[in-house]
Amino acid sequence: MTSHDPIPGPDRPDGPGSPLAGFDVDFTGHEIERRAQILAALGADWDPVEVLRGEEAAYDLLYSGLDAEQQRLYDDLVAAGVLPRRPGGGRAAA
């Protein structure tokens, strides 16, 4: 196979009789095992809803008490789509 013609075909010398062969790999079993290991590592007391609540509380705290310049920058970043629009009309908490 040459570098300028990398795809084998029936009309090329590297076609059907070529030592190159296609193959498929099924990663389903590996993915199931990976997910099981992640859930085991998180533990039985992991609560995804509580984690999300904690993240929301952290964002509320992060964007609270902004001065006028910080608020303007925050609003610009939201308008540009860099930061997601937050509840409360898109204003950081005071």
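Side chains are part of it too, since the values below use all heavy atoms of this structure and drop only hydrogens, waters and symmetry mates. Counting from 1, the numbers follow the sequence of the chain as shown.
Remark: Glu56 engages Arg86 in a salt bridge (charged side-chain N to carboxylate O under 4.0 Å, His left out) (not counting sequence neighbours). Remark: Gln70 pairs with no residue by the side-chain hydrogen bond (donor to acceptor under 3.5 Å, both in side chains) rule, at least two apart or across chains. Looking at residues two or more places apart in sequence or on another chain, you find a salt bridge (charged side-chain N to carboxylate O under 4.0 Å, His left out) between Arg34 and Glu31.
The structure places CG of Asp60 at 12.0 Å from CD of Glu55, a figure rounded to the nearest 0.5 Å. Separating the CG atom in Leu83 from the CG atom in Leu73 is a distance of 8.5 Å, to the nearest 0.5 Å.
Residues Ile38 and Ile32 fall into different hydrophobic clusters, defined by Ile, Leu, Val, Met, Phe, Trp and Tyr side chains chained together at heavy-atom separations under 4.5 Å. By the criterion of side-chain heavy atoms lying less than 4.5 angstrom apart, applied directly or through intervening Ile, Leu, Val, Met, Phe, Trp or Tyr residues, Val82 is grouped together with Tyr59 in one hydrophobic cluster. Under a hydrophobic clustering in which Ile, Leu, Val, Met, Phe, Trp and Tyr are joined whenever their side-chain heavy atoms come within less than 4.5 Å, directly or via other members, Leu61 and Tyr74 fall into different clusters.
Minimum heavy-atom separation, Leu66 to Tyr63: CG-O, 3.5 Å.
Residues Gln71 and Asp67 have side chains that never bring a donor and an acceptor to within less than 3.5 angstrom of each other.
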